[in-house]
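Below: one structure in structure tokens.
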Amino acid sequence: MIINSDLKLDLNKNENIEINGDNISLDFNIVSNCNIFIKLIKVDNLIINTNVLENVESTIFFWNDSNNTVDIKENYLLNDYSKLNIGFGECNDADSKIDINVELKGVGSNASVASASLVKRNKNYHINIINDNKDTFGLIKNHAVVLDNGKLTIDAIGKINNGSKRSESHQESRAICFEEGSNATILPELLIDENDVKASHAMSIGRMDENQLYYMMSRGLDNKECTALISLGY
């Protein structure tokens with residue numbers, strides 16, 4: 001399916017979607033279990049509002065293949081006992097700004113947001129999961145490799161509202177920088193307004209181990225091959 005204009009759509013089966021347009025607004029209503037793959041061919045500004053019905057389990061994966069700067073705003077609302085896995089990947093040579101907001105509104109709702117990025121330009125991620133009912137679960141996982149003069153900023157927020165008993169909010173964000181001019185900033189935040197909960201965050205930013213790089217090159221690999229292998233493994 002190719003989308004190049006505003007659209008409202010009920011999703012009830014597996015879909016492969018390509019987005020190719022300028023300013024696009026999409027409203028998705030996930031009504032039954034399904035997996036959605038979305039490839040961004042070209043888009044300047046994209047807004048996606050998604051509602052996940054009760055007892056529905058779904059996965060949405062975005063792959064950014066555009067060569068232009070993108071600004072994406074994603075809003076997700078989960079109802080009782082629904083589960084949603086959101087993934088985002090990009091290795092393109094363009095700036096991007098991604099704003100993801102997930103509201104765990106229903107009892108027992110569950111959401112995870114994961115990103116994997118190869119950063120050569122400016123990448124800015126703002127990810128917010130709000131636990132707003134009992135027995136809800138939120139997880140944020142980010143992995144990034146920053147190359148050349150790339151700049152990465154991740155603002156990860158987990159919020160558990162008052163009354164959301166027995167809920168959980170967890171985060172894990174990791175970045176590795178290869179070049180001297182590359183830069184990564186990760187801001188993990190936990191905002192907890194309830195006592196009977198579990199919450200955690202882990203964050204690490206590091207530079208490439210020169211000894212590891214030297215060892216690999218001494219075995220006959222060039223710098224580009226080493227970078228590719230280490231990035232893939234990371």
Side-chain angles (χ1 to χ4, degrees), residues 40 45-48 50 60-64 69-78 84-105 109-132 136-162 164 167-195 197-209 230-231 234:
L40 306 180
N45 295 281
L46 175 64
I47 299 174
I48 297 179
T50 302
I60 297 180
F61 183 79
F62 293 85
W63 180 254
N64 184 8
T69 299
V70 297
D71 188 338
I72 302 172
K73 293 180 174 61
E74 304 171 41
N75 300 301
Y76 299 91
L77 178 65
L78 277 70
L84 181 64
N85 300 310
I86 304 164
F88 196 95
E90 52 182 354
C91 298
N92 60 331
D93 191 11
D95 295 351
S96 61
K97 181 179 179 182
I98 316 294
D99 190 336
I100 299 174
N101 186 73
V102 181
E103 188 173 359
L104 301 173
K105 197 70 175 177
S109 53
N110 181 313
S112 67
V113 178
S115 72
S117 308
L118 191 64
V119 182
K120 293 178 282 186
R121 298 287 294 273
N122 292 336
K123 305 289 186 183
N124 190 313
Y125 303 148
H126 178 93
I127 303 170
N128 185 29
I129 297 182
I130 303 171
N131 299 68
D132 199 31
T136 54
F137 180 91
L139 173 64
I140 299 171
K141 295 187 72 173
N142 300 296
H143 287 80
V145 174
V146 187
L147 302 173
D148 304 327
N149 293 312
K151 182 178 180 181
L152 170 71
T153 302
I154 298 175
D155 187 9
I157 303 170
K159 187 176 190 302
I160 300 180
N161 287 337
N162 187 28
S164 302
S167 292
E168 297 187 39
S169 179
H170 302 286
Q171 298 181 27
E172 177 185 318
S173 296
R174 305 190 185 280
I176 183 171
C177 300
F178 270 86
E179 306 292 339
E180 196 64 34
S182 59
N183 181 268
T185 301
I186 300 174
L187 305 172
E189 299 180 59
L190 290 172
L191 308 174
I192 312 298
D193 290 332
E194 177 59 53
N195 293 320
V197 300
K198 295 179 181 179
S200 66
H201 68 72
M203 181 270 287
S204 68
I205 300 174
R207 293 208 172 272
M208 173 60 201
D209 188 334
I230 293 169
S231 299
Y234 190 77

| Separation of K120 NZ from D93 CG (nearest 0.5 Å) |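 D93 atom CG to K120 atom NZ measures 5.0 Å (nearest 0.5 Å).
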
| query | For D71, which residues count as a salt bridge (Lys or Arg N to Asp or Glu O under 4.0 Å) partner, sequence neighbours excluded? | reply |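 Scan of D71 (salt bridge (Lys or Arg N to Asp or Glu O under 4.0 Å), adjacent residues dropped) gives K73.
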
| request: May I ask you to check whether S96 and Y125 show a side-chain donor-acceptor distance below 3.5 Å? | output: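 Not at all, the side chains of S96 and Y125 share no donor-acceptor pair under 3.5 Å.
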
| query | Any side-chain heavy-atom pair from C91 and W63 closer than 4.5 angstrom? | reply |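 A side-chain contact exists here, since the closest heavy-atom pair is under 4.5 Å.
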
| message | Test of understanding: with side-chain hydrogen bond (donor to acceptor under 3.5 Å, both in side chains), list the residues that count as partners of S164, not counting sequence neighbours. | response |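 Per chain and number, S164 pairs via side-chain hydrogen bond (donor to acceptor under 3.5 Å, both in side chains) with no residue.
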
| field | Sole candidate of N142, D155, I157 that passes side-chain contact (heavy atoms from CB on, under 4.5 Å) when paired with I127 | value |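 Per the side-chain contact (heavy atoms from CB on, under 4.5 Å) rule, the option paired with I127 is N142, out of N142, D155, I157.
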
| Does the side chain of I60 reach to within under 4.5 Å of the side chain of Y76, using non-hydrogen atoms? |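 Side chain of I60 against side chain of Y76, heavy atoms only: contact under 4.5 Å found.
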
| said: So, using salt bridge (Lys or Arg N to Asp or Glu O under 4.0 Å) as the criterion, who are the partners of E189 when residues are at least two apart? | reply: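 Salt bridge (Lys or Arg N to Asp or Glu O under 4.0 Å) list for E189, sorted by chain: empty.
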
| Distance-only donor-acceptor check, side chains K97 and N45, under 3.5 Å |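 No, because no side-chain N or O of K97 sits under 3.5 Å from a partner of the opposite role on N45.
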
| query | Say you draw a straight line from CD1 of I130 to OG of S167; how long is it, rounded to the nearest 0.5 Å? | reply |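 With rounding to 0.5 Å, CD1 (I130) is 12.5 Å from OG (S167).
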
| said: Using side-chain heavy atoms (C-beta onward) and a distance below 4.5 Å, is I140 in contact with I129? | reply: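 Touching, per the 4.5 Å side-chain cut-off.
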
| What residues form a side-chain hydrogen bond (donor to acceptor under 3.5 Å, both in side chains) with S112, not counting sequence neighbours? |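 Here the qualifying residues are N85.
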
| Can you name the closest pair of heavy atoms from I48 and F62 and give their distance? |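 Where I48 meets F62 most closely, the heavy atoms are CD1-CE2, 3.5 Å.
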
| task | Decide whether D132 and N161 meet the rule of one side-chain donor and one side-chain acceptor closer than 3.5 Å. | result |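 Yes, because at least one side-chain N or O of D132 sits under 3.5 Å from a partner of the opposite role on N161.
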
| field | Residue pair T136 / S109, side-chain donor-acceptor N/O under 3.5 Å | value |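 T136 vs S109: no donor-acceptor pair found between side chains.
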
| Any side-chain heavy-atom pair from I186 and I205 closer than 4.5 angstrom? |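 Of all side-chain heavy-atom pairs linking I205 with I186, at least one is under 4.5 Å.
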
| field | Spacing of CD belonging to E194 relative to CD1 belonging to I192, to within rounding of 0.5 Å | value |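 One finds 10.0 Å between CD of E194 and CD1 of I192.
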
| Between E172 and H170, a side-chain donor and acceptor under 3.5 Å |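 There is no such pair (donor and acceptor under 3.5 Å, judged by atom type) between the side chains of E172 and H170.
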
| From OG (S115) to CD1 (I154), nearest 0.5 Å |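 Separation between the atoms: 5.0 Å.
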
| said: Measuring from atom CZ of F137 to atom OG of S169, what distance do you get when rounded to the nearest 0.5 angstrom? | reply: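 Separation between the atoms: 8.5 Å.
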
| Are N92 and L40 close enough, and set up right, to give a side chain to side chain contact (heavy atoms under 4.5 Å, CB included), and what steps lead you there? | CA-CA 11 Å; N92 60 331; L40 306 180; over 6 Å; no

| Over all atoms of both residues, closest heavy-atom pair of A175 and A184 |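 A175 and A184 have their closest heavy atoms at CB-CB, 4.0 Å.
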
| Partners of N75 by side-chain hydrogen bond (donor to acceptor under 3.5 Å, both in side chains), sequence neighbours excluded? |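 Per chain and number, N75 pairs via side-chain hydrogen bond (donor to acceptor under 3.5 Å, both in side chains) with N49.
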
| field | Partners meeting salt bridge (Lys or Arg N to Asp or Glu O under 4.0 Å) with D99 (sequence neighbours left out) | value |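 With neighbours one apart ignored, the set is empty.
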
| request: Evaluate the side chain to side chain contact (heavy atoms under 4.5 Å, CB included) criterion for residues K159 and L190: first the C-alpha distance (whole Å), next the side-chain angles of each, then the deciding distance (0.1 Å), finally the verdict. | output: CA-CA 6 Å; K159 187 176 190 302; L190 290 172; over 6 Å; no

| request: Work out which heavy atom in D95 is nearest to a heavy atom in R121; give both atom names and the distance. | output: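 For D95 versus R121, the nearest heavy atoms are OD1-CB, 3.1 Å.
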
| task | Find the distance between CG (L84) and CG (L77) and round it off to the nearest 0.5 Å. | result |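 These two atoms lie 11.0 Å from each other.
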
| message | Would E74 and I98 count as a side chain to side chain contact (heavy atoms under 4.5 Å, CB included) here? Give the steps. | response | CA-CA 8 Å; E74 304 171 41; I98 316 294; 3.8 Å; yes

| query | Can you find a side-chain donor-acceptor pair between T153 and N124 that sits under 3.5 Å? | reply |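 No - no donor-acceptor pair under 3.5 Å links their side chains.
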
| Taking every non-hydrogen atom, the tightest pair across K198 and I160 |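 Heavy-atom minimum between the residues: O-CD1, 4.2 Å.
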
| field | Taking every non-hydrogen atom, the tightest pair across L78 and N110 | value |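 Heavy atoms only, the tightest pair is CD2-O, 3.2 Å.
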
| Run the side chain to side chain contact (heavy atoms under 4.5 Å, CB included) check on K123 and E90 step by step: do they pass? | CA-CA 10 Å; K123 305 289 186 183; E90 52 182 354; 3.3 Å; yes

| query | Do V102 and I100 come close enough that some side-chain heavy atom pair is under 4.5 Å? | reply |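 Yes. Closest side-chain heavy atoms under 4.5 Å.
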
| Distance-minimising heavy-atom pair for G138 and N131 |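 What the structure gives for the nearest pair is N-ND2, 3.9 Å.
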
